[in-house]
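This report refers to the structure that appears directly beneath it.
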2 protein chains.
Amino acid sequence: MKQKNLRPFGQQREYTTFDTEPMFSKATEYAIRAVIFIAQKSNSETKVSLQEIAAAIDSPEFFTAKILQKLSGKNVLITSSRGRTGGFFMTDAAKKRPVMSVLEVMGEDELFNKCVLGLDKCSELKPCPMHHQYKTVKKNLIALFERKTIAQLAAEVNAGNSFISSES
Amino acid sequence: MKQKNLRPFGQQREYTTFDTEPMFSKATEYAIRAVIFIAQKSNSETKVSLQEIAAAIDSPEFFTAKILQKLSGKNVLITSSRGRTGGFFMTDAAKKRPVMSVLEVMGEDELFNKCVLGLDKCSELKPCPMHHQYKTVKKNLIALFERKTIAQLAAEVNAGNSFISSES
DNA sequence: TATTATTCAGACAAACTTGTCCGTTTATAT
DNA sequence: ATATAAACGGACAAGTTTGTCTGAATAATA
């Protein structure tokens with residue numbers, strides 16, 4: 001039962017809007033939320049389906065499918081199986097991986113290497129004027145995503161202390 | 001002397017690339033660099049032209065023009081004057097404003113209010129599993145951009161301690 | 001064996017960002 | 001006055017991200 005265009009695209013905005021960006025791309029946001037849900041609900045025997053995942057994290061189903069394909073790429077984060085009782089699951093080892101490993105698969109860990117002013121040549125020797133101060137904040141960000149494991153986040157959600165859906 | 005397509009567009013990439021995002025949009029990166037340069041080189045009597053700015057910060061000229069229009073919108077950050085000896089300049093008061101004011105004009109200050117996992121309803125009462133830890137990092141980011149003034153960054157560049165161009 | 005339920009793979013479409021161009025307006029300089 | 005040199009404003013083009021759809025492959029079940 002595939003959903004049929006339930007969410008029409010919004011109105012186009014003016015040219016000069018330059019709208020705000022979140023920290024990560026939508027794809028990465030969905031990826032993290034999906035991985036948390038899969039960690040929560042699956043193990044080597046119990047799988048979860050694309051539809052369950054998309055419903056649980058309130059994400060567009062087909063787009064989420066693409067992301068899950070990417071995440072299951074090297075079978076290091078999530079594992080997929082096809083066919084009638086197919087679905088996605090995570091091993092205990094995978095659940096213990098840091099959130100950073102999701103960012104890496106999504107190719108978004110480079111965020112932490114880039115110059116905040118967009119200079120290709122920005123470095124310790126030839127820094128942009130924000131470089132040194134920004135470095136500290138960047139280290140905190142990296143530490144945060146390196147330290148937190150997927151299992152830890154899943155446990156919080158399991159305990160009812162936090163949430164991974166936009167739904168009320 | 002308008003530059004003619006010196007920088008052809010790159011090759012198209014595969015669909016599933018999900019490329020990495022920097023902290024800010026290109027527009028905002030150029031905006032910050034432009035404002036630093038204008039602070040450096042201008043005052044109420046001495047103006048700088050679009051061409052000088054784009055050359056100095058190594059940014060696409062016409063795109064930069066759009067950004068400067070936006071920045072001069074309320075005449076609170078940069079001021080523009082038309083005609084033969086026209087150009088852009090900043091007052092001393094404007095130079096003392098924090099970098100955050102540039103982000104505000106570019107509409108990118110919302111970055112600091114958004115949930116890192118993209119949840120609309122994420123809040124203290126109903127947090128996402130990264131919420132509390134991420135809050136601390138966010139505060140550091142906000143503090144950084146609130147504390148640093150445009151004049152401070154311009155002074156660093158003036159002193160030759162840092163740079164705002166990608167050119168070697 | 002046929003049906004069913006799942007992921008997979010690719011094409012496509014919509015929206016947004018980035019970048020380019022051109023004609024107009026404005027003010028100075030000749 | 002006229003030419004010149006600058007910003008302004010709108011249209012347009014290229015590229016990326018987000019989202020949708022359809023058919024194929026796969027594996028279990030009836």
Side-chain angles (χ1 to χ4, degrees), chain A residues 1-22 24-31 47-54 59-73 75 78-89 106-108 118, chain B residues 1-22 24-31 47-54 59-73 75 78-89 106-108 118:
Chain A
M1 187 180 58
K2 301 176 180 181
Q3 64 192 36
K4 285 263 180 195
N5 227 350
L6 296 179
R7 226 183 294 191
F9 288 123
Q11 299 306 316
Q12 178 140 15
R13 293 176 296 186
E14 282 184 3
Y15 170 66
T16 41
T17 297
F18 294 121
D19 204 20
T20 169
E21 291 177 294
F24 298 123
S25 65
K26 273 291 164 198
T28 297
E29 289 175 357
Y30 296 147
K47 296 161 217 160
V48 289
S49 72
L50 167 62
Q51 286 193 25
E52 290 176 86
I53 295 166
S59 65
E61 186 175 321
F62 295 116
F63 190 41
T64 305
K66 296 291 182 201
I67 294 161
L68 293 176
Q69 274 177 47
K70 194 175 179 91
L71 288 174
S72 64
N75 273 8
I78 73 176
T79 314
S80 71
S81 73
R82 281 155 75 136
R84 178 147 179 177
T85 56
F88 300 90
F89 69 95
M106 299 304 290
E108 207 139 13
Chain B
M1 187 178 59
K2 301 176 179 183
Q3 65 190 34
K4 284 268 180 190
N5 229 350
L6 295 179
R7 225 184 294 189
F9 287 124
Q11 299 307 316
Q12 178 140 15
R13 293 176 296 187
E14 283 184 2
Y15 169 69
T16 40
T17 298
F18 295 122
D19 203 19
T20 169
E21 293 176 291
F24 299 123
S25 65
K26 273 293 166 199
T28 297
E29 289 176 356
Y30 296 148
K47 295 162 217 162
V48 289
S49 72
L50 167 63
Q51 286 193 24
E52 290 176 85
I53 296 166
S59 66
E61 185 176 321
F62 295 115
F63 190 41
T64 306
K66 297 291 182 200
I67 295 161
L68 294 176
Q69 275 177 47
K70 194 174 178 87
L71 289 173
S72 64
N75 273 9
I78 72 177
T79 314
S80 72
S81 72
R82 283 156 75 136
R84 181 152 177 176
T85 58
F88 300 89
F89 69 94
M106 300 303 290
E108 208 141 11

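Chain identifiers are assigned alphabetically (A, B, ...) following the order of the sequence lines, protein sequences preceding nucleic acid strands; residue numbering begins at 1 within each chain. Treat the numbers as computed from the prediction; the structure is a model and nothing was measured.
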B/Phe89 CZ to D/dA7 P, straight-line distance once rounded to whole Å: 13 Å
Pairwise side-chain contact, A/Lys47 with A/Thr79, heavy-atom cut-off 4.5 Å (strictly under): no
Spacing of A/Ile53 atom CD1 and A/Ile67 atom CD1 [to the nearest 0.5 Å]: 11.0 Å
Sugar-phosphate, base or nothing in reach of A/Leu50, heavy atoms under 4.0 Å: sugar-phosphate
Protein-nucleotide distance (A/Lys26, atom NZ; D/dT16, atom P), rounded to Å: 21 Å
Below 4.0 Å: OP1/OP2 of D/dG9 and any side-chain N or O of B/Gln69: yes
Nucleotide nearest B/Phe62 (side chain, heavy atoms from C-beta), chosen from D/dA11, C/dC22, D/dT26: C/dC22
Between C/dA2 (P) and A/Arg84 (CZ): distance, integer Å: 16 Å
Atom pair OG1 (A/Thr64) and NZ (A/Lys26), whose distance is rounded to the nearest 0.5 Å: 11.0 Å
Interatomic distance, A/Leu68 atom CG to A/Leu50 atom CG [nearest 0.5 angstrom]: 6.0 Å
Gap between atoms CZ and P, on B/Phe88 and D/dA6 respectively (whole Å): 12 Å
Contact under 4.0 Å: B/Tyr30 side-chain N or O vs C/dT18 OP1/OP2: no
Atom-to-atom span, CE of A/Met106 to P of D/dT18 - whole angstrom: 8 Å
Atom-pair distance (CZ on B/Arg82; P on C/dT24), nearest Å: 13 Å
Residue whose closest nucleotide on DNA chain C lies nearer the 5' end, B/Thr64 versus A/Gly83: A/Gly83
N or O in side chain of B/Ser80 less than 4.0 angstrom from D/dC8 OP1/OP2: yes
Protein-nucleotide distance (B/Lys70, atom NZ; D/dC8, atom C1'), rounded to Å: 15 Å
Side-chain heavy-atom pair A/Leu71, A/Met106 within 4.5 angstrom cut-off: yes
Distance in angstrom units between A/Phe63 CZ and C/dA9 P, rounded: 17 Å
